[in-house]
Amino acid sequence: MLSFESDYTTGAHPTILQRLMETNLEPYSGYGSDPYCESAKEKIRAACGCPEAEIWFLTGGTQTNAMVISTMLRDYEGVVAADTGHVNTHEAGAIEYSGHKVLPIRHHEGKIDAADLTKYLAQFYQDGNHEHMVFPGMVYISHPTEYGTLYTKSELEKLSDVCREYGIPLYMDGARLGYALMSSQSDMTLPDVARLCDVFYIGGTKVGALCGEALVFTKHNMPKHFLALVKQRGALLAKGRLLGVQFDTLFTDDLYWKISRHAICMAEKMKAVLNEKGCEFYLESPTNQQFIILQDEKMAELAQKVVLSFWEKTDKTHTVVRLATSWSTTEEDIEQLGELLSL
């Protein structure tokens with residue numbers, strides 16, 4: 001069965017698996033206090049150009065989002081997010097479960113516009129009853145967005161400026177950050193992200209790791225006693241070295257960037273095939289996620305041989321589906337897809 005369902009349906013990059021095997025019998029203390037976690041942190045700080053960054057490793061994206069939002073917000077605060085944002089749509093109310101509200105605003109192909117954010121925040125504080133309302137205490141964005149689109153450096157700078165003006169942190173969900181930064185249309189670097197965001201994470205689960213996300217606090221703003229907060233929430237991994245080894249490997253010899261570039265290259269080849277077959281694109285995505293509109297009959301027919309992700313309905317007879325590439329996508333996979341689209 002051919003699969004373009006997601007970028008984490010296969011296991012881990014062979015280099016990571018090999019390194020896990022090589023270090024398997026080394027006895028080290030748990031909870032992230034091992035030398036591999038420390039080495040990975042130093043490499044990430046260097047890659048971010050942020051020597052003062054405070055870094056923590058967690059196992060998954062939803063866990064990381066819930067951890068950041070629940071520990072950085074005050075009890076009366078919520079998080080502003082695009083209405084298509086992952087925390088607002090596909091996290092089963094994880095943020096609300098932590099006692100904080102997601103405050104959705106309209107999206108522009110998955111992105112938040114700085115002017116819309118300014119208007120939202122200004123209207124909140126102009127409301128004479130705002131003391132009785134949920135305060136906007138953080139802004140959440142995804143890069144790339146849930147539609148595979150990218151913020152430009154200028155757009156991120158403007159969002160960052162708005163957050164500074166209102167004294168609230170800007171948090172970037174970087175589950176697929178490698179694919180954003182390696183896109184040919186990206187004008188941002190990892191140091192740019194570290195400079196403009198108060199906190200962000202570098203996704204491993206979707207970029208070649210078995211599991212794991214590297215959470216980066218850039219402004220000496222990691223909550224006090226963070227280990228205790230993580231443990232309270234059931235998110236402290238005893239065998240923390242498993243995450244340390246993986247990120248230490250990902251940030252050795254540019255493996256993280258090589259994986260990301262490969263997926264982007266495969267996505268570009270996929271786009272060429274989809275265009276050749278006359279597929280209708282839902283929007284233009286410069287990353288490893290591609291979105292096309294299929295007739296429901298064609299989608300059902302294709303689903304017999306290809307695993308795709310349902311995204312949304314456009315009308316009664318058409319559906320947007322997502323196709324994603326990853327470290328394990330091959331040119332043969334793309335060729336097979338083209339052949340199936342020709343049938």
Side-chain angles (χ1 to χ4, degrees), residues 1-10 82-86 88-90 104-113 116 141-152 155 173 175-176 178-187 206 260-343:
M1 192 78 165
L2 194 60
S3 179
F4 293 99
E5 182 181 10
S6 191
D7 36 27
Y8 55 93
T9 52
T10 51
D83 50 17
T84 53
H86 208 260
N88 190 49
T89 57
H90 291 156
I105 62 175
R106 68 172 178 168
H107 77 101
H108 302 269
E109 294 191 338
K111 297 190 288 185
I112 293 176
D113 180 76
D116 288 345
I141 61 173
S142 303
H143 187 62
T145 71
E146 290 72 17
Y147 287 98
T149 53
L150 299 177
Y151 285 94
T152 64
E155 288 171 336
D173 180 328
R176 296 182 168 93
Y179 304 132
L181 298 179
M182 288 297 99
S183 169
S184 61
Q185 294 187 30
S186 173
D187 66 349
K206 296 178 174 67
S260 301
R261 278 196 296 269
H262 172 79
I264 293 295
C265 179
M266 292 298 101
E268 291 297 327
K269 291 179 183 294
M270 177 192 288
K271 286 170 71 173
V273 168
L274 294 172
N275 273 312
E276 179 187 331
K277 301 303 176 181
C279 294
E280 180 183 359
F281 285 81
Y282 181 61
L283 47 68
E284 171 61 27
S285 166
T287 59
N288 74 313
Q289 302 178 86
Q290 298 301 313
F291 300 85
I292 60 173
I293 302 172
L294 293 177
Q295 288 187 342
D296 289 349
E297 289 183 4
K298 181 62 177 178
M299 182 179 69
E301 176 187 327
L302 201 59
Q304 300 301 311
K305 297 183 179 180
V306 186
V307 184
L308 308 173
S309 283
F310 169 91
W311 212 247
E312 61 189 70
K313 294 288 294 181
T314 56
D315 57 40
K316 291 182 178 180
T317 59
H318 293 81
T319 300
V320 179
V321 298
R322 183 189 71 177
L323 300 87
T325 58
S326 74
W327 67 269
S328 61
T329 304
T330 65
E331 292 193 24
E332 289 74 20
D333 293 334
I334 306 298
E335 291 171 3
Q336 287 182 48
L337 176 64
E339 292 170 2
L340 291 171
L341 289 169
S342 299
L343 298 178

Once side chain to side chain contact (heavy atoms under 4.5 Å, CB included) is applied, do any residues pair with Glu312, and if so which ones, sequence neighbours excluded?
Tyr147, Tyr282, Val320
Tell me every residue that passes side chain to side chain donor-acceptor pair (under 3.5 Å) with Ser186, counting only those two or more places apart in sequence or in another chain.
none
Contacts of Ser142 that satisfy side chain to side chain contact (heavy atoms under 4.5 Å, CB included) - sequence neighbours left out
Tyr140, Glu146, Asp173
Has Gln290 got a side-chain atom pairing as donor or acceptor with Thr287's backbone, closer than 3.5 angstrom?
yes
Would you confirm whether Asn288, through its side chain, and Thr325, through its main-chain N or O, come within 3.5 Å as a donor-acceptor pair?
yes
With sequence neighbours excluded, residues passing salt bridge (charged side-chain N to carboxylate O under 4.0 Å, His left out) with Asp116:
Arg106
Can you list everything that forms a side chain to side chain donor-acceptor pair (under 3.5 Å) with Arg261? Sequence neighbours excluded, please.
none
How would you list, by chain and number, every residue that makes a side chain to side chain donor-acceptor pair (under 3.5 Å) with Ser326, sequence neighbours excluded?
Ser328
Partners passing ring-ring contact (aromatic ring centres under 6.0 Å, His included) against His262 (at least two apart in sequence or in another chain)
none
Only counting residues at least two apart or in another chain, list the ones meeting side chain to side chain contact (heavy atoms under 4.5 Å, CB included) with Lys313.
Asp296, Phe310, Thr319
Holding to side chain to side chain contact (heavy atoms under 4.5 Å, CB included), I want the full list of residues that pass it with Cys279, two or more places apart in sequence or in another chain.
Leu274, Lys277, Ile292, Leu341
With Glu5 via salt bridge (charged side-chain N to carboxylate O under 4.0 Å, His left out) - residues at least two apart:
none
If the condition is side chain to side chain donor-acceptor pair (under 3.5 Å), which residues does Tyr151 pass it with, not counting sequence neighbours?
none
Where the side chain of Ser285 meets the backbone of Gly148, is there a donor-acceptor pair that is under 3.5 Å apart?
yes
Ion pair check, Lys271 and Glu284, cut-off under 4.0 Å
yes
